[in-house]
K.L.:
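A single structure is presented below for examination.
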Amino acid sequence: MKVLIVFYSMYGHIYRLAEAVAEGAREVTGTKVEMQRVPETLSEEILEKMGALEPQKAFAHIPVCKVDELASADAIIFGTPTRFGNMCGQMRQFLDATGQLWARGALVGKVGSVFTSSNTQHGGQESTILSFHFTLLHQGMVIVGLPYTFQGQSRMDEITGGSPYGTSTIAGSRGERMPSENELAAARFQGKHVATIAFKLSQ
Ligand SMILES: Cc1cc2nc3c(=O)[nH]c(=O)nc-3n(C[C@H](O)[C@H](O)[C@H](O)COP(=O)(O)O)c2cc1C
């Protein structure tokens with residue numbers, strides 16, 4: 001059984017969550033987990049101006065995903081930063097290249113799940129994940145979120161990301177906050193949960 005984690009990250013927050021999602025998915029026996037990133041659409045000049053070139057070096061070794069690879073997975077977990085309450089353009093462009101997969105129903109019945117990151121606490125995490133689900137539903141995927149059996153999403157003693165729709169992290173207004181222990185635990189939970197459901201569906 002193969003779980004594919006497909007992400008875009010500009011400053012490393014989504015990458016850190018993706019690593020934790022992978023850890024969780026690997027806990028399910030017999031699961032092969034692969035991490036891939038969607039192609040960059042911005043020039044080096046723009047990335048430099050945005051302060052992204054240096055942080056992106058940390059995950060430059062992760063292979064770039066080709067759309068056809070989505071068809072080889074039993075479950076796909078997507079990670080995207082919020083852009084104005086929506087997925088980032090890099091992810092949108094990648095998904096808009098999946099028309100051939102859609103035409104032959106190649107993703108129908110696969111498990112799909114989403115996690116995200118935003119600078120501010122109420123800056124559009126839920127809208128990013130829910131609007132991402134539209135695309136997954138058009139592809140016929142079976143959507144899986146982050147159930148309340150992950151008890152860390154109900155905690156009130158600290159500010160935290162995470163909702164029934166999926167794991168999230170709050171990066172801070174200058175991106176200074178990396179995912180907290182609670183958010184990383186949510187990511188591991190989501191990865192394991194998706195892999196468990198994909199395993200059951202494959203039986
Ligand atoms: C064009 C643009 C739009 C953004 N829109 C939002 C937003 O609507 N709400 C918010 O809280 N953060 C917003 N952000 C901040 C990003 O979501 C944040 O940099 C990202 O989650 C960090 O994750 P990463 O390090 O994996 O890229 C925006 C950033 C950019 C560049």
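Side-chain atoms are counted along with the backbone in the values below, which use heavy atoms only and exclude waters and symmetry mates. Order of listing sets the numbers, starting from 1, for every ligand and every atom in it. Along the sequence shown, residues are numbered consecutively beginning with 1.
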K.L.:
Could you tell me whether P81 and ligand 1 have an N or O pair separated by under 3.5 Å?
P.N.:
no
K.L.:
Which residue supplies the protein heavy atom nearest to atom 26 (O) of ligand 1, what is that atom called, and how far is it?
P.N.:
S9 OG, 2.6 Å
K.L.:
What is the closest protein heavy atom to atom 2 (C) of ligand 1, and at what distance does it sit?
P.N.:
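Nearest neighbour among protein heavy atoms for atom 2 (C) of ligand 1, to 0.1 Å: R83 CD, 3.3 Å.
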K.L.:
Do the side-chain N and O atoms of Q125 and T116 include a donor-acceptor pair separated by under 3.5 angstrom?
P.N.:
no
K.L.:
Can you tell me how far the CZ atom of R177 sits from the NE2 atom of H13, to the nearest 0.5 Å?
P.N.:
8.5 Å
K.L.:
Identify the protein heavy atom lying closest to atom 25 (O) of ligand 1, giving its residue, its atom name and the separation to 0.1 Å.
P.N.:
H13 ND1, 2.7 Å
K.L.:
For atom 8 (O) of ligand 1, state which one of Y15, Y11, Y8, F84 supplies the nearest heavy atom.
P.N.:
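Among Y15, Y11, Y8, F84, the closest heavy atom to atom 8 (O) of ligand 1 comes from F84.
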K.L.:
Looking at R26 and E23, is any side-chain nitrogen of the basic one under 4.0 Å from a carboxylate oxygen of the acidic one?
P.N.:
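Salt bridge between E23 and R26, a charged N being under 4.0 Å from a carboxylate O: no.
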K.L.:
Does some side-chain heavy atom of E183 sit less than 4.5 Å from a side-chain heavy atom of S168?
P.N.:
no
K.L.:
Nearest protein heavy-atom contact for atom 12 (N) of ligand 1: which residue, which atom, what distance?
P.N.:
N119 N, 3.2 Å
K.L.:
For atom 23 (O) of ligand 1, tell me which residue out of P179, S118, S117 has the closest non-hydrogen atom.
P.N.:
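Residue with the shortest heavy-atom distance to the ligand atom: S117.
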K.L.:
Starting from atom 28 (C) of ligand 1, find the nearest protein heavy-atom neighbour and note its residue, name and distance.
P.N.:
T82 O, 3.5 Å
K.L.:
Quick one: does G175 get within less than 4.0 Å of ligand 1, heavy atoms only?
P.N.:
no
K.L.:
Provide the number and element of each atom of ligand 1 under 4.0 Å from a heavy atom of M50.
P.N.:
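Under 4.0 Å from M50, ligand 1 has these atoms: 31 (C).
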K.L.:
Within the structure, does G85 bring an N/O atom to less than 3.5 angstrom of an N/O atom in ligand 1?
P.N.:
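Looking only at distances, the answer is yes, because the N/O contact criterion of under 3.5 Å is met.
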K.L.:
For ligand 1, which atoms, with element, lie under 4.0 Å from some heavy atom of I14?
P.N.:
26 (O)
K.L.:
Strictly below 4.0 Å, N to O, side chains only: are K66 and D68 in salt-bridge contact?
P.N.:
no
K.L.:
Report the residues that fulfil salt bridge (charged side-chain N to carboxylate O under 4.0 Å, His left out) with E69, sequence neighbours left out, ordered by chain and then residue number.
P.N.:
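Here no residue qualifies.
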K.L.:
Would you please say whether a donor-acceptor pair under 3.5 Å links the side chains of T41 and Q93?
P.N.:
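There is no such pair between these side chains.
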K.L.:
May I ask you to check whether A171 has an N/O atom sitting below 3.5 Å from an N/O atom of ligand 1?
P.N.:
no
K.L.:
With sequence neighbours left out, write down each residue that passes salt bridge (charged side-chain N to carboxylate O under 4.0 Å, His left out) with R83, or none if nothing qualifies.
P.N.:
none
K.L.:
Who's the nearest protein heavy-atom neighbour of atom 27 (O) of ligand 1, and how far?
P.N.:
M10 N, 2.7 Å
K.L.:
Compute the shortest N/O to N/O distance between G123 and ligand 1 and return yes if it is under 3.5 Å, no if not.
P.N.:
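It does: an N or O of G123 is found under 3.5 Å from an N or O of ligand 1.
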K.L.:
May I ask you to test the Q56-R37 pair for a side-chain heavy-atom distance under 4.5 Å?
P.N.:
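Side chain of Q56 against side chain of R37, heavy atoms only: no contact under 4.5 Å found.
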K.L.:
Given the side-chain rings of F7 and F78, with only the six-membered ring counted for Trp, is the space between their centroids under 6.0 Å?
P.N.:
no
